[in-house]
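Notes follow once the structure below has been shown.
Quick caveat: nothing in here was measured; it's all calculated off a predicted structure.
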Amino acid sequence: MPLRYPLNHPPSDATDLSADNRSPASPLRRTLLRGIGLAGLSLCLSPSLLAAVIKHPKQHFSKAYLAQLIAAETGLPEKQIAQTLKGARFIPSIITRITTPYESRPYAEYRPLFLTDSMQQAGKRYLSEQATVFKTVEKEYQVEAELIAAILGMETRYGRHRGSDRIIDALYTLSTGFPRRADFFRHELGEFLLMAREEKLDATTALGSYAGAFGTTQFIPSSFRAYAVDADGDGRRNVWDSPSDIIASVGNYFHRHGWEAGRPCAHWLPVTPALAARAKAGFREWGELAEIRQQLPPLPSSWHDDDKVAIIDMQPAQGRRFALVHYNFYVITRWNRSYNYAMAASEVAAMLGGKIFAVS
C-alpha cells in the first residue's frame, strides 16, 4: 500500500494556499493541518466548499512537499523529483476541463462525436494501411482489429490529436488542486517520472491530454508501464509513432483485461418492467444469458446462453433504452469507465466492418 503523507503534516512553506484558506478557522486549512490527503477532502468538506474548490482551483500544498510524497512512493531521489517539478505550472483550466468530460453527456449527444463519415473513412484507411500489423496482433492477442482501430480513432483520430498540454503540468495541477482524485493523480505523476527515466524521455517537455494521457494510445503513465509493448523490437515502447507498438499495446491491454475474441459487446433492448431491476443494478449484477433469455426479445445468433451478461440503462437518440451487454463491454470500460464510451467503441468497431460488434 503506498505511503501517503509520511510527515503527517503539511509543509511549512505551503504558500500556495490562498489568504482565505490560510486562516486557522478555515475548514480547508484545518483539514490539511490534520494531514488528510486531498482525496479525502471530499469526505471532510461541505458540498458548497468542495464545489468552491473545483470552481476556483487552488494549489493546496507546495512542490517541496509533493516531491517528498512522490519520493516516498516511488523510491526516486527527492532532489531529482524537486528539480523536475521546478518548472511545472499550475493551470486551473485543467481542473475545469476534467470536471466536465464529454462522457457525462447523454448518449444521444455523445454518439455523434464518433459515428461519422470521417471516422469511418479514417478508420478503414488505417486498417488497410496497417493490415499486416493488425493481422499479427489479432493472432497474438486475440483482439479484433476493428475494436483496436475504433479505440485509436476515438482517442486521437489515429494520432492526429494527441494533446497539447505538458504532461508534467497536467499531473502536477491535478495532484495538488483536484481534491476528489488528488491521490490518484499524484500516483500517476510518480509513474510518469519513473516512465520518463525508463524510456529516456524528457519529463519537462512531453505533451499529452489535460488528464495526463499521451501518445496515439492515450495511455496514462501507469497503464503505459503495465501494458505498452515494444512490438517492433527497436528497444522502445513507442506509442506515439510506431504502428506496431501502438496497435500491439492496445491489443495487449484488452487481452490482459479478459477480452473474449469472437463474442459480441452490446444489443439494444426496449425498456420493460421485467428488466428494470437488473438495469438499475448495471454492472453489479452479472449472470449467464440463459437466466434471462425468456425476458428478452429474439437476439442475433452471435449471443450464446453461456455468455456472461448484464443490463444497463442509457439515453440514445430514440429515448431511454436498456442494453444487454456482454462481459466484453465491461472490458472496454476498463479502458474508459463510461458506458457511453464503451457503446460508442462498439458502434465504431461495427462501422469499421466488425459485424460481431453490431448493437441492433
Problem - Glu138 (side chain) donor-acceptor with Ala145 (main chain) under 3.5 angstrom - result: yes
Handout entry: Atom CD of Gln294: over 12 foreign heavy atoms under 6.0 Å
Key = no
Practice task
Could you tell me the separation between the OG1 atom of Thr176 and the CG atom of Leu69, rounded to the nearest 0.5 Å?
Solution key: 11.0 Å
Exercise for the section: Go through the side-chain N and O atoms of Tyr341 and Glu155 and say whether any donor and acceptor fall under 3.5 Å apart. Expected result: yes
Practice task
Determine, using the 4.5 Å side-chain heavy-atom cutoff (strictly less than), whether Leu127 and Ile151 are members of one ILVMFWY cluster.
Solution key: yes
Practice task
Give the C-alpha distance, both sets of side-chain angles, the deciding distance and a yes or no for salt bridge (charged side-chain N to carboxylate O under 4.0 Å, His left out) between Arg186 and Glu73.
Solution key: CA-CA 10 Å; Arg186 187 183 71 246; Glu73 293 171 346; 2.6 Å; yes
Practice task
State, yes or no, whether a side-chain contact exists between Ile148 and Tyr126 at a heavy-atom distance under 4.5 Å.
Solution key: no
Handout entry: Note: Arg293-Asp305 ion pair, threshold 4.0 Å (strictly below)
Key = yes
Exercise for the section: Begin from the C-alpha positions of Arg157 and Phe114 and carry the test side chain to side chain contact (heavy atoms under 4.5 Å, CB included) through to its verdict. Expected result: CA-CA 10 Å; Arg157 293 301 196 273; Phe114 304 106; 3.8 Å; yes
Practice task
Could you grab the distance from atom CG of Leu115 to atom CD of Gln120, nearest 0.5 Å is fine?
Solution key: 9.5 Å
Exercise for the section: Please determine, by modelled atom types, if Glu144 and Trp259 share a side-chain donor-acceptor pair under 3.5 angstrom. Expected result: yes
Problem - Side chains of Arg256 and Tyr141 in contact at under 4.5 Å (non-hydrogen atoms) - result: no
Completion exercise
On a heavy-atom basis, the closest approach of Asn340 and Met314 is OD1-CE, 3.3 Å
Problem - Salt-bridge present (Asp313, Arg320; N to O < 4.0 Å) - result: yes
Problem - Common cluster, Leu269/Leu289, ILVMFWY with side-chain heavy-atom separation under 4.5 Å - result: yes
Problem - Asn328 side chain near Phe254 side chain, heavy-atom distance below 4.5 Å - result: no
Practice task
Could you tell me which non-hydrogen atom of Ile98 sits nearest to which non-hydrogen atom of Ala211, and how far apart they are?
Solution key: CD1-CB, 4.0 Å
Fill in the blank from the handout: Sorted by chain and residue number, the salt bridge (charged side-chain N to carboxylate O under 4.0 Å, His left out) partners of Glu199 (sequence neighbours excluded) come out as Arg237
Practice task
Please step through side chain to side chain contact (heavy atoms under 4.5 Å, CB included) for the pair Tyr158 and Met119, ending with a clear verdict.
Solution key: CA-CA 10 Å; Tyr158 307 102; Met119 176 72 87; 4.3 Å; yes
Handout entry: Worked verdict on Ile95 versus Thr173 for side chain to side chain contact (heavy atoms under 4.5 Å, CB included)
Key = CA-CA 8 Å; Ile95 294 175; Thr173 297; 3.9 Å; yes
Fill in the blank from the handout: For Ser175 and Leu189 the tightest heavy-atom approach is OG-CD2, 3.9 Å
Completion exercise
CG of Leu324 to CG of Asp307, rounded to nearest 0.5 Å, is 8.5 Å
Exercise for the section: Is it possible for you to say whether Leu207 and Leu174 belong to one hydrophobic cluster, with membership spreading through side-chain heavy-atom contacts below 4.5 Å? Expected result: no
Problem - Expected output: side-chain Lys63 to main-chain Ala88 donor-acceptor under 3.5 Å - result: yes
Exercise for the section: Report yes if the side chains of Pro297 and Pro270 come closer than 4.5 Å at any heavy-atom pair, otherwise no. Expected result: yes
Handout entry: Check ion pair Arg236-Asp241 (N to O, under 4.0 angstrom)
Key = no
Problem - Taking every non-hydrogen atom, the tightest pair across Arg166 and Thr204 - result: NH1-O, 2.8 Å
Handout entry: For His257, side-chain contact (heavy atoms from CB on, under 4.5 Å) partners two or more places apart
Key = Tyr227, Tyr253, Val331, Arg334
Exercise for the section: Give the ring-plane orientation class for Trp335 versus Phe219, where under 30° counts as parallel, over 60° as perpendicular and anything between as tilted. Expected result: tilted
Practice task
Any chance you could lay out the salt bridge (charged side-chain N to carboxylate O under 4.0 Å, His left out) test for Glu347 and Arg111, step after step, and finish with the verdict?
Solution key: CA-CA 9 Å; Glu347 292 208 73; Arg111 182 183 186 274; 2.9 Å; yes
Problem - Reference residue Tyr339; test ring pair (Phe, Tyr, Trp, His ring centres under 6.0 Å); the match among Tyr330, Tyr107, Phe283 - result: Phe283
Exercise for the section: Using the ring of Phe178 (Phe, Tyr or Trp, six-membered ring only), decide whether Arg181 places NZ or CZ under 6.0 Å from its centre and within 45 degrees of its axis. Expected result: no
Practice task
Measure the OH-CD distance between Tyr327 and Glu260 for me, rounded to the nearest 0.5 Å.
Solution key: 8.5 Å
Problem - Side-chain heavy atoms of Pro92 within contact of Phe90, under 4.5 Å - result: yes
Problem - Closest approach of Ala149 to Leu352 (non-hydrogen atoms, all atoms of both residues) - result: CB-CD1, 3.8 Å
Handout entry: Between Ser242 and Ser244, a side-chain donor and acceptor under 3.5 Å
Key = no
Handout entry: Option passing side-chain contact (heavy atoms from CB on, under 4.5 Å) with Ile247 (candidates Thr216, Thr217, Val143, Val137)
Key = Val137
Completion exercise
When every non-hydrogen atom of Val239 is compared with those of Ser249, the smallest separation belongs to CG1-OG, 3.9 Å
Exercise for the section: May I ask whether Ile246 and Leu201 are part of the same hydrophobic cluster, defined by side-chain heavy atoms of I, L, V, M, F, W, Y residues being less than 4.5 angstrom apart, directly or through others? Expected result: yes
Handout entry: Whether Asp245 side chain and Ala228 backbone form a donor-acceptor pair below 3.5 Å
Key = no
Handout entry: Joint cluster assignment, Leu76 & Met195, ILVMFWY side-chain distance < 4.5 Å
Key = yes
Practice task
Measure the shortest side-chain to side-chain distance between Leu193 and Ile168 over non-hydrogen atoms and say whether it is less than 4.5 angstrom.
Solution key: yes
Practice task
Evaluate the side chain to side chain contact (heavy atoms under 4.5 Å, CB included) criterion for residues Met351 and Lys124: first the C-alpha distance (whole Å), next the side-chain angles of each, then the deciding distance (0.1 Å), finally the verdict.
Solution key: CA-CA 9 Å; Met351 182 176 70; Lys124 289 190 171 182; over 6 Å; no
Exercise for the section: Verify the ring-centre separation between Phe214 and Trp240: is it less than 6.0 angstrom? Expected result: yes
Problem - Thr156 side-chain N/O to Arg160 backbone N/O, donor-acceptor pair under 3.5 Å - result: no
Fill in the blank from the handout: Value for CZ (Arg225) from CD (Glu188), rounded to nearest 0.5 Å, stands at 10.0 Å
Handout entry: Interatomic distance, Leu66 atom CG to Ile70 atom CD1 [nearest 0.5 angstrom]
Key = 4.0 Å
Exercise for the section: Without swapping roles, check the side chain of Thr116 against the backbone of Pro112 for a donor-acceptor pair under 3.5 Å. Expected result: no
Practice task
Please examine the side chains of Trp268 and Pro316, heavy atoms only from C-beta on, and report whether any two atoms are closer than 4.5 Å.
Solution key: yes
Problem - Leu299 vs Leu296 side-chain heavy atoms within contact, under 4.5 Å - result: yes
Practice task
Would you confirm whether Glu285, through its side chain, and Gly282, through its main-chain N or O, come within 3.5 Å as a donor-acceptor pair?
Solution key: no
